[in-house]
A.B. asks: 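Here it is: the structure, laid out below.
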Amino acid sequence: MNSTTRVRFAPSPTGALHIGGAHTALFNWLWARRNGGAFVLRIEDTDLVRSTSEYERTILQGLNWLGLDWDEGPDVGGSHGPYRQSERRGIYLEHAMRLVESGQAYREGEAVIFSVPQDKMVAFDDVVYGHIEMASETLKDIVLIKSDGFPTYNYAVVVDDHSMEISHVIRGEDHISNTPKQILLYEALGWEVPTFAHLPMILGRDKKKLSKRHGATSVYEYRDMGYHPDALFNYFALLGWNPGDDREIFTREEAVGMFDLARVTKKAAVFDMDKLNFVNQAHITKMPPLERARHTIPFWKEAGLRPEERSEEWLGGVLDLLEGRGQTFRELAEYTDYFLSFEPVKLRYSASDLDEEHRETLKKFFSTMLAIPSWLPEQLEVTAKSWCDANGVKLKDVAMPLRWALTGRKVSPGIFHVAVFLGREEVRKRLSYYGLVQESV
RNA sequence: GGUCCCAUCGUCUAGUGGUCUAGGACACAGCCCUUUCAAGGCUGCGACACGGGUUCGAACCCCGUUGGGACCGCCA
């Protein structure tokens, strides 16, 4: 336990929360929680034209959805505020003027610019990348305050991280080359330099920086595709980090218990949907039926079905039948649509593949089946098998037509379980619709 | 172009000089199970980028090459 650990996630509200940002936020959160420290949320809205409060709101909601809570931030306040850079202009100006007075910065137009000292080797020890150094003469002078009176990123980040007492600056590897500039500013201001830990980048399948071309990039798109936040959290944690043993499926709490910045890897990682799907499936499988049902409801509705007409227990029972089938809530809804309504079945299947002879055989079997005393999966299967033996047909020859008539698909869970869940009358109704029930019965 | 970073199976990774004929997971293929498809179980395919050193010994250390990436904005 180290109560002095203070980390921050500092998004700029110029777009939705996307994968890279969520990944960075996640690692900061993990480190804060692991050490019993504080996770601070700061909004870097110094780009007047691109920042909007609408984006700020979606980013906060996105973090919330992922289960990342913060201890200080623009909405919850805290002792180191304000937490929006646009509200901290006085602080930036004050320190910039100090540098002008000491001759370390100069004015040009309305702007304040820092003169980079020459012949200086700037070095730091990154927690993940190790020792890094850069000669100061490769750096150009640094703009501190723009002509519009707002601070630039490299300057504001230093003032804020210092005044918010940030102990560890955990951010993407793309900031490594900004770090020497910031260190020069810490030194000029006479401030202690925090510990830096840069995180590997996340790339698309083609190993290029993740962009729209690679498909979904915002966390909300993943929610809408049917991923569970716990699974996305789990998958993100695995990108650039591993617990050191073979554990790959874990909860947030377990991740907090195992996390260590020292185990973060250096190589950029490719975002792999196949693995995400696997992780999501694993989380769905472990989930209690009722919770699974609650997460699937929006997708049933989206498919035009009416889950609100059923109890959560019934819906959970439907999903239980899937036994591991489906990798997203969207697929869960899709794979079970025929339980909620006969309509999608009619749209998919017409029974035109059955010739008269085949129909007659099926009618005989179905009438035997519908007359079975106890309507249970095992009974249906035993009856079907013995009927097939007696009539010289294979079980699949009756099971597949039954599957088509009940589900409108060629794949489904065990069809006798489906039949039992649907109920004898509903099964009779569907078979009858396809003309597979003997009129006389 | 300058500076910086990275480099183990297709992908995520384990590995910090000998226990590595390199381990796990995803994906893929096959088998088992089986009324279909999954799930589950088993098996298989598959990598230390290359070249020099250092060392008794290198995936691990050093140098170079090549290949990726990032930054070089009064964007963040």
Side-chain angles (χ1 to χ4, degrees), chain A residues 10-15 21 44-51 85 108-113 126 128-130 132-157 171-181 198 200-203 205-209 235 238-249 263 265-279 281-282 285 322-327 331 335 380-381 384-385 388 394-404 407 409-418:
Chain A
S12 102
T14 54
E44 309 216 326
D45 56 351
T46 54
D47 183 337
L48 268 356
V49 294
R50 296 197 300 147
S51 300
Q85 291 187 331
E108 193 173 284
E110 295 298 304
V112 179
I113 301 172
D126 192 278
V128 348
Y129 286 89
I132 293 174
E133 51 183 36
M134 198 182 285
S136 66
E137 46 270 14
T138 62
L139 267 24
K140 294 198 278 187
D141 281 358
I142 304 163
V143 175
L144 267 25
I145 304 286
K146 299 183 267 182
S147 298
D148 64 6
F150 278 72
T152 56
Y153 164 75
N154 278 125
Y155 173 58
V157 88
R171 69 225 311 188
E173 180 232 37
D174 48 340
H175 286 289
I176 284 184
S177 39
N178 282 324
T179 307
K181 299 177 201 172
H198 288 89
M201 305 262 78
I202 296 177
L203 275 22
R205 270 211 162 284
D206 56 1
K207 303 213 175 190
K208 298 274 190 247
K209 196 170 177 177
Y235 179 65
L238 250 17
L239 245 30
W241 173 79
N242 70 80
D245 54 30
D246 288 341
R247 298 214 55 188
E248 293 210 296
I249 303 300
R263 289 198 62 86
T265 61
K266 300 175 185 170
K267 200 177 85 173
V270 173
F271 190 86
D272 180 16
M273 282 294 255
D274 285 330
K275 186 71 174 263
L276 204 214
N277 285 334
F278 168 80
V279 173
Q281 182 170 34
T285 306
L322 250 24
E323 291 185 302
R325 293 170 186 79
Q327 299 192 298
E331 285 183 347
Y335 295 170
L380 283 171
E381 186 168 343
K385 276 180 174 159
C388 286
K394 292 211 160 89
L395 185 58
K396 67 190 292 189
D397 294 328
V398 299
M400 282 312 290
L402 179 60
R403 172 170 285 114
W404 276 108
T407 73
R409 287 209 176 88
K410 69 167 183 261
V411 303
S412 80
I415 199 57
F416 299 118
H417 282 87
V418 171

A.B. asks: Taking only the C1' atom of each, what is the distance from B:rA14 to B:rU8 in whole angstrom?
C.D. replies: 10 Å
A.B. asks: RNA chain B: A:A399 or A:F278, which has the more 5' nearest nucleotide?
C.D. replies: A:F278
A.B. asks: Are side-chain heavy atoms of A:P413 and A:R325 found at a separation under 4.5 Å?
C.D. replies: yes
A.B. asks: Can you work out whether A:T138 or A:V143 has the more 5'-proximal nearest nucleotide on RNA chain B?
C.D. replies: A:T138
A.B. asks: Does B:rC56 pair with anything, Watson-Crick or G-U wobble, both distances under 3.5 Å, and if so, with which nucleotide?
C.D. replies: B:rG18
A.B. asks: Considering only heavy atoms and no angle criterion, is a donor-acceptor pair shorter than 3.5 Å present between the side chain of A:S147 and the base of B:rC74?
C.D. replies: yes
A.B. asks: Looking only at the side chain of A:Y129 (C-beta and beyond, no hydrogens), which of the listed nucleotides B:rC5, B:rU36, B:rA76 gets closest?
C.D. replies: B:rC5
A.B. asks: Answer with base, sugar-phosphate or nothing: what part of the nucleic acid does A:L239 contact at a heavy-atom distance below 4.0 Å?
C.D. replies: sugar-phosphate
A.B. asks: How are the rings of A:Y235 and A:F271 set to each other: parallel, tilted or perpendicular (split at 30° and 60°)?
C.D. replies: perpendicular
A.B. asks: Kindly say if A:K207 contacts the phosphate of B:rU11, meaning a side-chain N or O under 4.0 Å from OP1 or OP2.
C.D. replies: yes
A.B. asks: With rounding to whole Å, what would you report as the distance between B:rC74 and B:rG69 at their C1' atoms?
C.D. replies: 27 Å
A.B. asks: Under 4.0 Å between a side-chain N/O of A:K275 and OP1 or OP2 of B:rC28, yes or no?
C.D. replies: no
A.B. asks: Can you tell me how far C1' in B:rA47 sits from the matching atom in B:rC37, rounded to whole Å?
C.D. replies: 33 Å
A.B. asks: When the P atoms of B:rG68 and B:rA49 are compared, how many Å lie between them, rounded to an integer?
C.D. replies: 16 Å
A.B. asks: Once you apply a heavy-atom cut-off of 4.0 Å, does A:R263 come out as touching a base, just sugar-phosphate, or nothing?
C.D. replies: sugar-phosphate
A.B. asks: Looking for any heavy atom pair under 4.0 Å, which part of the strands does A:K385 touch: base, sugar-phosphate only, or nothing?
C.D. replies: sugar-phosphate
A.B. asks: Can you identify which nucleotide, out of B:rC4, B:rG69, B:rA38, has its nearest atom closest to the A:K208 side chain?
C.D. replies: B:rG69
A.B. asks: Suppose you measure atom P in B:rC48 against the same atom in B:rC33; what distance do you get, rounded to whole Å?
C.D. replies: 37 Å
A.B. asks: Out of B:rA76, B:rC72, B:rA70, which nucleotide sits closest to the side chain of A:T152?
C.D. replies: B:rA76
A.B. asks: If you measure from the P atom in B:rC45 to the same atom in B:rG51, how many Å do you get, rounded?
C.D. replies: 25 Å
A.B. asks: Mind checking if A:H175 touches a base, just sugar-phosphate, or nothing, with heavy atoms under 4.0 Å?
C.D. replies: base
A.B. asks: Across the strands shown, which category fits A:I415 at heavy-atom distances under 4.0 angstrom: base, sugar-phosphate, nothing?
C.D. replies: base
A.B. asks: Tell me if a side-chain donor or acceptor on A:S412 pairs with a main-chain N or O of A:T407 at a distance below 3.5 Å.
C.D. replies: no
A.B. asks: Checking all strands, does A:G414 fall into the base, sugar-phosphate, or nothing category for heavy-atom contacts under 4.0 angstrom?
C.D. replies: base
A.B. asks: Answer yes or no: does a side-chain N or O of A:R409 lie under 4.0 Å from OP1 or OP2 of B:rA38?
C.D. replies: no
A.B. asks: Is A:T265 close enough to B:rU13 that one of its side-chain N or O atoms is under 4.0 Å from OP1 or OP2 there?
C.D. replies: yes
A.B. asks: Which nucleotide, B:rA38, B:rU35, B:rC74, lies nearest any side-chain atom of A:E108?
C.D. replies: B:rC74
A.B. asks: Quick check on B:rA14: is either OP1 or OP2 less than 4.0 Å from any side-chain nitrogen or oxygen of A:N242?
C.D. replies: yes
A.B. asks: With both distances under 3.5 angstrom, what nucleotide forms a Watson-Crick or G-U wobble pair with B:rA38?
C.D. replies: none
A.B. asks: I want to check one thing: is the phosphate of B:rC5, taken as OP1 and OP2, less than 4.0 Å away from some side-chain N or O of A:K267?
C.D. replies: no
A.B. asks: Does A:T46 make a side-chain N or O approach to OP1 or OP2 of B:rC75 shorter than 4.0 Å?
C.D. replies: no
A.B. asks: Please report the distance separating the C1' of B:rG52 from the corresponding atom of B:rU19, rounded so that it comes out in whole Å.
C.D. replies: 28 Å
